[in-house]
Each structure stands twice: as C-alpha cells, then as structure tokens.
Novice: 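Below is one structure. I have some questions about it.
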Amino acid sequence: MLSPSQGKLVRNGEERKSVICIEGNIASGKTTCLEYFSKTSNIEVLTEPVSKWRNVQGHNPLALMYQDPERWGLTLQTYVQLTMLDRHLSTVAAPVRMMERSIYSAKYIFVENLYKSGKMPEVDFAVLSEWFEWIVKNIAIPVDLIVYLQTTPQTCYERLKQRCREEERVIPMEYLEAIHNLYEDWLIKQTSFKVPAPVLVISADDDLQKMLHQYEENRERILTARRA
Ligand SMILES: Nc1ncnc2c1ncn2[C@@H]1O[C@H](COP(=O)(O)OP(=O)(O)O)[C@@H](O)[C@H]1O
Ligand SMILES: Nc1ccn([C@H]2C[C@H](O)[C@@H](COP(=O)(O)O)O2)c(=O)n1
C-alpha cells in the first residue's frame, strides 16, 4: 500500500530496504549479471518486464515500436513507464532489491533517444514527459546505487546478434551508439539529467569468466549500498 510521507506517496515497509539498479546498453549483460546475483541469499532480483512489452493482451508493442517508431514509440514507452513503476513499487521480502534498469533510464535514455532522433512527435514527448514528472514528484522511487555495465556499442552489437531476439533483428549499430552516448552523458559525464544515486561503473566488455570475477570484487560495495 502507498501512504503519504513528506509530500510523496511511499511504499509501506520498503523504506529500510536497499535498491540497486543495473543499467547499461541493450545486450550489455544486465540479465546475466542479475542471474548471477540471484543466487545470493538476501537479494531479490527483478528483471525488466520485457515479456510484457512483447505481449500485452495479445499485442507486441516492442515489435511495433521497432517496425514504426513514429507511430508506436509512445505506445511502447507509456507501457514501459507503467510496468517499470510497478517494478519499483512491488513488495520484496529480501533486504536488497536488485533491478534491471529503472523508470529513470526509460525516460532519460529511451524516450530521449526516440525524441532526439526525430522518431517521436513533440506532442508524444510532451505527454510522456508530463507523466514522468508527475510520477517522480508524487511517488517516492528511491535508488541507492546504480551499477553501470559499461560496454562498447560493438560488444553489444555482437551479443545482440548472438541472443537473436526476433524484434531486435532490425537494430543497427547506430542505434546502439546513440543509446551508448546517452548513457555516457547521463552516468559518466553527468551532464544531461539528474543522477538519482551514486554510480558504480563496471567495464563489461570482458568474457563471462572475467565478468563474474569483477562481480565478486564489487559484491561488498553493491550489497552494502544504502541511501542517507
Ligand atoms: N560477458 C559476456 N560475454 C559474452 N557474452 C555474454 C556476456 N554476458 C552476456 N552475454 C550474452 O550476451 C547476450 C546478452 O546478454 P543479456 O544478459 O541478455 O543482456 P541484457 O540483459 O543487458 O540485454 C546473451 O546471449 C548472453 O548470454
Ligand atoms: N525504455 C525502454 C527499455 C527497453 N527498450 C527495449 C530495448 C531492448 O530491445 C528491449 C530490452 O532491453 P534489454 O534488457 O535487452 O537491454 O527493450 C525500449 O525500447 N525502451
């Protein structure tokens, strides 16, 4: 249940739990990272609701968006915003919640990219922006740490091809470069949008074995992240 506290709606009982968001480009290895940490007791992992984006009452807004972003970008991103908000507000039993992406990157990276690349009409961008502003103004969406899996767009392109998700066959290298640049501006240069939490950067071009080693090296830092 949501209750008012200091001018915002707050999820009851979640105040003392920590929230880690795993951010990174498409196919950078976020799900693989979450799978690894899901074996740790005391962590509850919440993956991105991609299956919902591929099937809402028999429709596939993810596929529609890739086929015709001007027409379907708003449809997909409205649904992404709703389902990510639902993820942020869901109750978890464990003291640490590890999430794939966030409502923040949905707006600052993906909506921004559609708009900046001329593929989202100004009115659609305005509607999504007002929705987003309302949500973050009225609902507490705490994040304690952002783990940024930093890759080259080339690595993501190779992994994307290997993963072979049907809807993503049309994604060109330039799309991954645009998403990469937006992530770098937001989380590394910190010049575009407000960063809601400290950022831990992990180089993620390495093979799986090396990645697991890096996750172990950073385990303590990740699991002890707490907001002030
Ligand atoms: N370190 C890695 N080295 C090589 N392949 C990887 C690595 N991490 C993930 N993969 C593979 O790359 C693809 C995308 O990984 P995934 O975890 O689904 O990315 P994301 O969730 O960020 O989209 C998958 O096929 C996965 O098995
Ligand atoms: N706000 C968003 C979030 C994700 N997507 C797309 C990008 C991918 O095709 C897919 C899932 O991303 P992944 O977890 O594999 O990085 O959803 C989007 O268009 N808008």
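Both ligands and their constituent atoms are indexed starting at 1 by order of listing.
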Novice: With no hydrogens and no angle check, do the side chains of T47 and E100 hold a donor and an acceptor under 3.5 Å apart?
Specialist: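 E100 and T47 do not have a side-chain donor-acceptor pair below 3.5 Å.
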
Novice: What part of S105, side chain, backbone, both or neither, has a heavy atom within less than 4.0 angstrom of ligand 2?
Specialist: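 For S105, there is no contact with ligand 2 at all, from either part.
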
Novice: Need the ligand 2 atom indices (1-based, order shown) with element for anything under 4.0 Å from a heavy-atom of A27.
Specialist: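 Ligand 2 atoms under the 4.0 Å threshold to A27: 16 (O).
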
Novice: Show the numbers, then the answer: is there a side-chain contact (heavy atoms from CB on, under 4.5 Å) between E167 and W53?
Specialist: CA-CA 11 Å; E167 294 85 346; W53 307 344; over 6 Å; no

Novice: Take every heavy atom of G24, measure it against each atom of ligand 1, and state whether any distance is under 4.0 Å.
Specialist: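 No, that is not the case, since the closest heavy atom of the residue is not under 4.0 Å from the ligand.
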
Novice: Is there a donor-acceptor pair closer than 3.5 Å between any side-chain N or O of N113 and the backbone N or O of I109?
Specialist: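 Absent.
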
Novice: Which option out of E112, E48, Q77, K107 puts a heavy atom nearest to atom 1 (N) of ligand 2?
Specialist: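 Heavy atom nearest to atom 1 (N) of ligand 2 belongs to Q77.
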
Novice: Ignoring angles and geometry beyond distance, decide whether G29 reaches within less than 3.5 Å of ligand 1 through its nitrogen or oxygen atoms.
Specialist: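 Between G29 and ligand 1 (N or O atoms, distance only) the closest approach is under 3.5 Å.
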
Novice: Polar-atom distance check: W53 versus ligand 2, any N or O pair below 3.5 Å?
Specialist: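 No; the residue has no nitrogen or oxygen that sits under 3.5 Å from a nitrogen or oxygen of the ligand.
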
Novice: Nearest to atom 25 (O) of ligand 1, what protein heavy atom do you find, and at what distance?
Specialist: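 Going by distance alone, atom 25 (O) of ligand 1 is nearest to Q162 NE2, 3.6 Å.
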
Novice: Using a distance-only test with no angle check, is there a side-chain donor-acceptor pair under 3.5 angstrom linking Q154 and E158?
Specialist: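 Yes, because at least one side-chain N or O of Q154 sits under 3.5 Å from a partner of the opposite role on E158.
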
Novice: Find all atoms of ligand 2 within a distance of less than 4.0 Å from any non-hydrogen atom belonging to A106, and give their numbers and elements.
Specialist: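 In order of numbering, the contacting atoms are 1 (N).
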
Novice: What do you reckon, is NZ of K8 surrounded by more than 12 foreign heavy atoms closer than 6.0 Å?
Specialist: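 More than 12 heavy atoms, drawn from other residues, nucleotides or ligands, come within 6.0 Å of this atom.
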
Novice: Check the side chains of E23 and S102 for a donor-acceptor pair under 3.5 angstrom, ignoring hydrogens and angles.
Specialist: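 Per modelled atom types, S102 and E23 side chains form a pair under 3.5 Å.
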
Novice: Any nitrogen or oxygen of T31, side chain or backbone, less than 3.5 Å from one on ligand 2?
Specialist: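 No: no nitrogen or oxygen of T31 is under 3.5 Å from one in ligand 2.
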
Novice: Do any N/O atoms on Y175 end up under 3.5 angstrom from N/O atoms on ligand 2?
Specialist: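 Min N/O separation from ligand 2 is not below 3.5 Å for Y175.
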
Novice: By number and element, which atoms of ligand 1 are closer than 4.0 Å to a non-hydrogen atom of M211?
Specialist: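 This gives 1 (N) as the contact atoms.
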
Novice: Nearest protein heavy atom to atom 23 (O) of ligand 1, by residue and atom, and its distance?
Specialist: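 The answer is R163 NH1, 2.7 Å.
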
Novice: Check whether N25 reaches the backbone of S28 with its side chain - one donor and one acceptor, N or O, closer than 3.5 Å.
Specialist: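 Here the side-chain-to-backbone pair does not exist.
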
Novice: Quick check: does any side chain N or O of N138 sit under 3.5 Å from a backbone N or O of W134, one acting as donor and the other as acceptor?
Specialist: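 Checking the backbone N and O of W134 against the side chain of N138, a donor-acceptor pair under 3.5 Å is found.
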
Novice: Of all the atoms in ligand 2, which lie at a distance below 4.0 Å from a heavy atom belonging to L62?
Specialist: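 That gives atoms 6 (C), 17 (O) of ligand 2.
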
Novice: Which residue from K30, R163, E167 reaches closest to atom 15 (O) of ligand 2 through any of its heavy atoms?
Specialist: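 Ranked by closest heavy atom to atom 15 (O) of ligand 2, first place is R163.
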
Novice: With a cut-off of 4.0 Å, which atoms of ligand 2 are near a heavy atom of E168?
Specialist: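 Within the 4.0 Å cut-off of E168, ligand 2 contributes 8 (C), 9 (O), 10 (C).
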
Novice: Identify, by atom number and element, the atoms of ligand 2 in contact range of V80, meaning under 4.0 Å from any of its heavy atoms.
Specialist: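 Those atoms are 1 (N).
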
Novice: Any donor-acceptor pair under 3.5 Å linking the side-chain atoms of T155 with those of D205?
Specialist: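 A donor-acceptor contact under 3.5 Å links the two side chains.
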
Novice: Is the shortest N/O to N/O distance between A27 and ligand 1 below 3.5 Å?
Specialist: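 N/O-N/O distance below 3.5 Å exists for this pair.
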
Novice: Counting non-hydrogen protein atoms only, what is the nearest one to atom 2 (C) of ligand 1? Give residue, atom name and distance.
Specialist: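 Nearest neighbour among protein heavy atoms for atom 2 (C) of ligand 1, to 0.1 Å: R159 NH2, 3.3 Å.
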
Novice: Got the closest protein heavy atom to atom 9 (C) of ligand 1, with its distance?
Specialist: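 Residue, atom and distance for the closest contact: T32 OG1, 3.3 Å.
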
Novice: What are the atoms of ligand 2, with element, lying closer than 4.0 Å to any heavy atom of M65?
Specialist: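 Listed by number with element, the hits are 19 (O).
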
Novice: Checking contacts here: is it the side chain or the backbone of L160 that comes within 4.0 Å of ligand 1, counting heavy atoms only? Could be both or neither.
Specialist: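 The answer is neither.
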
Novice: Should you measure from each heavy atom of E100, which atoms of ligand 2 turn up under 4.0 Å away?
Specialist: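 Near E100, meaning under 4.0 Å from one of its heavy atoms, ligand 2 has 14 (O).
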
Novice: Under the side-chain contact (heavy atoms from CB on, under 4.5 Å) rule, what do L149 and K30 come out as? Steps first, then yes or no, please.
Specialist: CA-CA 7 Å; L149 299 185; K30 300 178 300 298; 4.2 Å; yes

Novice: Given 3.5 Å as the limit, does a donor-acceptor pair link the side chain of W186 with the main chain of N181, or not?
Specialist: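 Looks like no, no N/O pair under 3.5 Å.
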
Novice: In terms of atom number and element, which parts of ligand 2 are under 4.0 angstrom from non-hydrogen atoms of Y66?
Specialist: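 Result: 6 (C), 7 (C), 8 (C), 9 (O).
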
Novice: Can you tell which part of I26 has a heavy atom less than 4.0 Å from ligand 2: side chain, backbone, both or neither?
Specialist: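 Both backbone and side chain.
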
Novice: Where does E100 meet ligand 1, judged by heavy-atom distances below 4.0 Å: at the side chain, the backbone, both, or neither?
Specialist: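 The side chain, only.
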
Novice: Is the centre of the F132 ring less than 6.0 Å from the centre of the Y108 ring?
Specialist: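 Yes, the ring centres sit under 6.0 Å apart.
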
Novice: Identify whether the distance between the nearest side-chain nitrogen and carboxylate oxygen of R97 and E44 falls below 4.0 Å.
Specialist: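 Answer for the salt bridge query: no.
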
Novice: Does a side chain donor of either Q150 or E184 reach within less than 3.5 Å of an acceptor in the other side chain?
Specialist: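 There is such a pair between these side chains.
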
Novice: Q81 near ligand 2, heavy-atom distance under 4.0 Å?
Specialist: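 The answer is no: ligand 2 sits nowhere under 4.0 Å from a heavy atom of Q81.
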
Novice: Among side-chain atoms of T40 and R219, is any donor-acceptor pair under 3.5 angstrom?
Specialist: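 Note: T40 and R219 side chains meet the donor-acceptor criterion.
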
Novice: Nearest to atom 1 (N) of ligand 1, what protein heavy atom do you find, and at what distance?
Specialist: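 Nearest protein contact, heavy atoms only, for atom 1 (N) of ligand 1 is D206 O, 2.9 Å.
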
Novice: Within ligand 1, which atoms have a heavy atom of D207 less than 4.0 Å away?
Specialist: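 The list of qualifying atoms is 1 (N), 3 (N).
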
Novice: Tell me, which protein residue and heavy-atom name are nearest atom 21 (O) of ligand 1, and how many Å apart are they?
Specialist: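 Among all protein heavy atoms, the one nearest atom 21 (O) of ligand 1 is T31 OG1, 2.5 Å.
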
Novice: I need the contact type for L76 against ligand 2. Using non-hydrogen atoms and a strict under-4.0 Å cut-off, is it side chain, backbone, both or neither?
Specialist: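 Only the side chain of L76 comes within reach of ligand 2.
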
Novice: Atom CD of residue position Q209 - does it have more than 12 heavy atoms of other residues, nucleotides or ligands inside 6.0 Å?
Specialist: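 No - once you tally the heavy atoms of other residues, nucleotides and ligands closer than 6.0 Å, there are 12 at most.
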
Novice: Nearest heavy atom to atom 20 (P) of ligand 1: which of K30, R101, E35 does it belong to?
Specialist: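 Considering heavy atoms of K30, R101, E35, the nearest to atom 20 (P) of ligand 1 sits in K30.
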
Novice: Can E216 and Y36 be counted as having a side-chain donor-acceptor contact under 3.5 angstrom?
Specialist: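 Present: a donor and an acceptor within the cut-off.
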
